[in-house]
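Letters go in sequence order (proteins before strands), and every chain restarts at 1. Note that these values count all heavy atoms, side chains included, but never hydrogens, waters or copies made by symmetry.
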There are 2 protein chains.
Amino acid sequence: MKNFDLVFKALADPTRREVLRMLSGGERTAGELSDAFELGRPSMSHHFAVLKEAGLVRSRREGTQVYYALDTTVLEDVLARLWDHLGLGEFRKENQP
Amino acid sequence: MKNFDLVFKALADPTRREVLRMLSGGERTAGELSDAFELGRPSMSHHFAVLKEAGLVRSRREGTQVYYALDTTVLEDVLARLWDHLGLGEFRKENQP
DNA sequence: CCCGAATTTCGACGATTTTCGAAATAAGCG
DNA sequence: CGCTTATTTCGAAAATCGTCGAAATTCGGG
């Protein structure tokens, strides 16, 4: 699978993993996310793009600002697949409400 | 945790992930692993070193050849932690919003 | 239609990574 | 000790990545 590559590339950077972690608490604007790091806006925007291309986040525009949100489906799929792929026992995610 | 970075860096390369996959079937010699790729031995040796530094594989020498084996403990830990860290569905415990 | 705010795109630069060939190490064997 | 096999270490080129400042885009409001 092609996304496989993009996802692991995306996860390779600590800043991007931290962004994902922040997004796990709910959606945030690009500005909010950027303010949490000591990086310029262009750099952060680049990270957002990488995460988005990997399918790990989605974005939505509201007025002048852009909201980013975690998209867990790809991550769940990739991690579960890796887990299984490597033959590491059962991978259970109890998705039952 | 420091290993976190090393593990994700290690997983970022497709060749290294494929090596891990091969090792999921049991230990292999450096030569056997190298023969499965169109890369020079030095390149493969470098990949082995990266995997080893990340704690994903261990090695053992037998005569002139070196056997590599998957070490699942770190991977299990890191993936489970990531899963949990990102607040995805619960990995091993019950749900409570 | 112009202005200000939020965000992204562009172009470039330094740092890291991947790869290779050549040389070095390690181990068994006669 | 020399010889062969298996693997790693050592530079060094080439590709990729992360970062930045400047400029461009998008949007809402006067």
Reckon [X] touches a base, only the sugar-phosphate, or nothing at all at heavy-atom distances under 4.0 Å?
{"X": "A:H46", "answer": "base"}
{"X": "B:Y67", "answer": "nothing"}
{"X": "B:T15", "answer": "nothing"}
{"X": "B:T29", "answer": "sugar-phosphate"}
{"X": "A:F37", "answer": "nothing"}

Nearest to the side chain of [X], heavy atoms from C-beta on, is which of [options]?
{"X": "B:R61", "options": "C:dG21, C:dA27, C:dT8", "answer": "C:dA27"}
{"X": "B:S45", "options": "C:dA5, C:dT19, D:dT8", "answer": "D:dT8"}
{"X": "A:S43", "options": "C:dT8, D:dC20, D:dA6", "answer": "D:dC20"}
{"X": "B:V66", "options": "C:dT7, D:dT7, D:dC10", "answer": "D:dT7"}

Atom CD of B:Q65 and atom P of D:dT8: how far apart are they, to the nearest Å?
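My rounded result for the distance is 11 Å.
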- Message: Can you measure B:K9 atom NZ to C:dT18 atom C1' for me and round it to whole angstrom units?
- Response: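 Going from B:K9 (NZ) to C:dT18 (C1'), I get 14 Å.
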Which residue lies toward the 5' end of DNA chain D, A:E38 or B:A30, if each is placed at its nearest nucleotide?
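By nearest-heavy-atom nucleotide position, the 5'-most residue is B:A30.
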Query raised in the report: Which pairs, with at least one residue in residues 37-55 of chain B and sequence neighbours excluded, count as a salt bridge (charged side-chain N to carboxylate O under 4.0 Å, His left out)?
Result: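 Pairs touching residues 37-55 of chain B that pass the test: B:D35-B:R41.
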